[in-house]
Peer 1: 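Mind having a look at this structure? Questions to follow.
When reading the values below, keep in mind they use all heavy atoms of this one structure, side chains included, and skip hydrogens, waters and symmetry mates. Letters A, B, ... mirror the listed sequences (proteins, then strands); counts begin at 1.
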Amino acid sequence: MKPKEILEAALRGEATPRPAWVPFVGVHGGKLIGCGASEYLQSAEKLIAGQSKAIELYRPDGIPVVFDLQLEAEVLGCTLHWAEAVPPSVTSHPLLTQDLAALPRLDETKGRYPLVTRALDELVAAHGDEVAFYGLVCGPFTLALHLLGHDIFLEMFDNPERIQDILAFAAETACAAAKIFSDHGAKVIAVVDPMTSQISPEHFTEFVTPAVNRVFDYIRNDLKRFSSIFVCGDANRNLDLLVGTHADNVSVDEQIPIPRLRELAEAQGKSFGGNIRLTSVLLLGDERDAKLEALGLLEQGGARGFILAPGCDLPYDTPPANLQAVAEMVHDEYAREVARTTLKAREADEFADITVPDYDAAQAVVLDVITLDSSSCAPCQYMMEAVEKAAAAAAPLHVWVNEHKIKVREGIGMMTKLGVKNLPTICIDGDVKFASLTPDHKTLVQAIRDRAREKGLL
Amino acid sequence: MARNEALFEAICKGKRNDVTALVQGEIDAGTDIIALMNSSMIPAMRDMGERFSRNEVYVPEMLIAARAMQAGLNLIEPILADKGHKAKAKVCIGTVKGDLHDIGKNLVAIMLKGAGFDVIDCGVDCDTAKFEQAVQDGAQAVLCSALLTTTMPYMKEVVAKLKDSSAKIIIGGAPVTRQYAEEIGADGYGADAFEGVTEVERLLGLTAA
């Protein structure tokens, strides 16, 4: 099977002979050819060179032509502020001063679409036989926020009819953008709507679901392309609603546990994907971290309908070696086996020299926190901060806090001895109490006090 | 003073017309306005802040509650001014140079106002001069916000520039961590809007209402 056929099979929810892999290369493509984000996103030649370089290095099944959620907003009259390592930001909102009817309609002659379509034409001609190109369109809610600014949040309560009108317009714009990408050879249209992570399930159902379904129906029925809904950021609260949209695939960021997404997606026969951690693994980690992460996700995602991808747009400075390490895990079954065996060898170590303390004898409550490394892993760091804060709040009770980083053997030993399965995890006096999720302050302090009471310290 | 439950609920639910009517009713009845704020209005915003921290309410619900709170404050502020009542403290807030993302900054500003602070909103893309000016204008705490990892390092420059002033510097925003705050020598850190306010209160030695 050609790489793009593997991706298409995954998008149909079918089993694939090897994992499907879509690195979301946006401004990072500029880094690969030595130019800043602003120049990169405004030049067809740079986009062609950078995305081609990414295809050569990362061996993807699918890749976006460009990752910039401000393309549509720019055509519709939003002013952009350009930066060197990230996509541009919107700085003015036309609907604050104009009526919806006065906004221009999107077509491929406007804004940066001429250069984007030229880049897509050339990339498809050069690589389209092997690789599927993604057209990324700005989701209706995020586009509505670009157009109206933060007023949208208040208007959802004050003037819901107006917001429905704006979202209908944003959905039509997304359809127009999808058609442009499709006409120039994109095989998959991903609707990227990060701002939906900021609203409640009720608002999602009321405003977002009808708008995105209009776009997905158009992509399926009129354009005959695959579709994906993609939310960067914490979409946990709206995850079932995202999976319930008419998209063929749901792609998520690192906050979402893949087993949970898999369960929801499989129940509806849908494809799903994600969610390699961008900062702690890809940007700040090394090749080993990237391989371990990829292996873990591939196991969680399974062999049917899963697409391995970063959680969101790759950071500009991501070390290419880390993404190449992921590509190796995707393409090379032997390399996967070697990596797995290395892990097993680690598990075979009985850590006889590492002993857990005699918790019952301690005149304190002992909190063991098992982390990847709190200095480079955000969830680990938040958990450590929460633990330290709770330990301080439990005073005058004595609370000892120990961080065990699994980057070193002692940490793996403690993880094994304490029976910890997820990272990060808090153990209280040797018992696993909070795995993966950091408890709120009150809950954690209460758990410490409960244990202190049990051992007669309170 | 016992909590005015109807007023508390009206703020939490963002019902600004109800808030206006209820506050006006209390004013007309000669109620102690400061006691009303401390018993019913500030606790309502604090409750919303805590629920936001727990992911029980979202940005829209916070913003609409804040607007309802403001509707009440609009009636109360002239009365307080007449009585010579002073704000808890004066603080300033802005996103740092290069960063134009202000939802978080606006939420913290709203929470600060709701907690009784006089807030100078420096806006977005603030250089050190803007923060310095605010300190000269009386800000006792400077709150810096950043959404991007690329703009976050500018906070270090703000800290360096203001290190000899008496103002406390508190930083926050999605990529910002307590460890980073310590690393660059900031006085404080807020993980979210609610924590931002309690951190200011702690650093300025103010007891939370």
Peer 1: Regarding Glu403(A) and Thr371(A), is there a side-chain donor-to-acceptor distance under 3.5 Å anywhere?
Peer 2: yes
Peer 1: With a 4.5 angstrom heavy-atom cut-off, could you sort out which part of Thr91(A) is near chain B: side chain, backbone, both or neither?
Peer 2: side chain
Peer 1: Return yes when atom NZ of Lys156(B) has more than 12 non-hydrogen atoms of other residues, nucleotides or ligands closer than 6.0 Å, and no otherwise.
Peer 2: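 Not buried by this count: 12 neighbours or fewer within 6.0 Å.
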Peer 1: I'd like to check Cys78(A) versus Gln70(A) (side-chain heavy atoms, cut-off strictly below 4.5 Å). Are they in contact?
Peer 2: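 Side chain of Cys78(A) against side chain of Gln70(A), heavy atoms only: no contact under 4.5 Å found.
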Peer 1: Which bit of Arg178(B) is near chain A, if near means a heavy-atom gap under 4.5 Å: side chain, backbone, both or neither?
Peer 2: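 For Arg178(B), backbone and side chain are both near chain A.
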Peer 1: Are a donor atom and an acceptor atom from the side chains of Gln136(B) and Glu132(B) found within less than 3.5 Å of each other?
Peer 2: no
Peer 1: For Cys232(A) and Cys312(A), is the interatomic SG distance under 2.5 angstrom?
Peer 2: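 Looking at Cys312(A) and Cys232(A), their sulfur gamma atoms lie closer than 2.5 Å, so the answer is yes.
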Peer 1: Would you mind checking which part of Asp158(A) comes under 4.5 Å of any heavy atom in chain B, side chain (CB onward), backbone (N, CA, C, O), both or neither?
Peer 2: side chain
Peer 1: Measure distances from Asp99(B) to the heavy atoms of chain A and classify the residue's part below 4.5 Å as side chain, backbone, both or neither.
Peer 2: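 No part of it gets close to chain A.
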Peer 1: Could you tell me whether the side chain of Glu195(B) and the main chain of Asp192(B) form a donor-acceptor pair under 3.5 Å?
Peer 2: no
Peer 1: What residue in Leu283(A), Ile199(A), Asp317(A) has the most heavy-atom pairs under 4.5 Å with chain B?
Peer 2: Ile199(A)
Peer 1: For each of Arg67(B), His101(B), Arg54(B), tally heavy-atom pairs with chain A at distances under 4.5 Å, and name the one with the top tally.
Peer 2: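 So the answer, after comparing Arg67(B), His101(B), Arg54(B), is Arg67(B).
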Peer 1: Below 4.5 Å from any heavy atom of chain B, which atoms of Glu385(A) appear? Answer side chain, backbone, both or neither.
Peer 2: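 Only the side chain of Glu385(A) comes within 4.5 Å of chain B.
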Peer 1: With respect to chain B, which residue among His203(A), Glu84(A), Arg237(A), Met156(A) yields the maximal number of heavy-atom pairs within a distance under 4.5 Å?
Peer 2: Arg237(A)
Peer 1: Let me know if Tyr189(B) has heavy atoms under 4.5 Å from chain A in its side chain, its backbone, both or neither.
Peer 2: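 Tyr189(B) touches chain A through side-chain heavy atoms alone.
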Peer 1: So do the side chains of Asp253(A) and Asn275(A) get within less than 4.5 Å of each other, counting heavy atoms only?
Peer 2: no
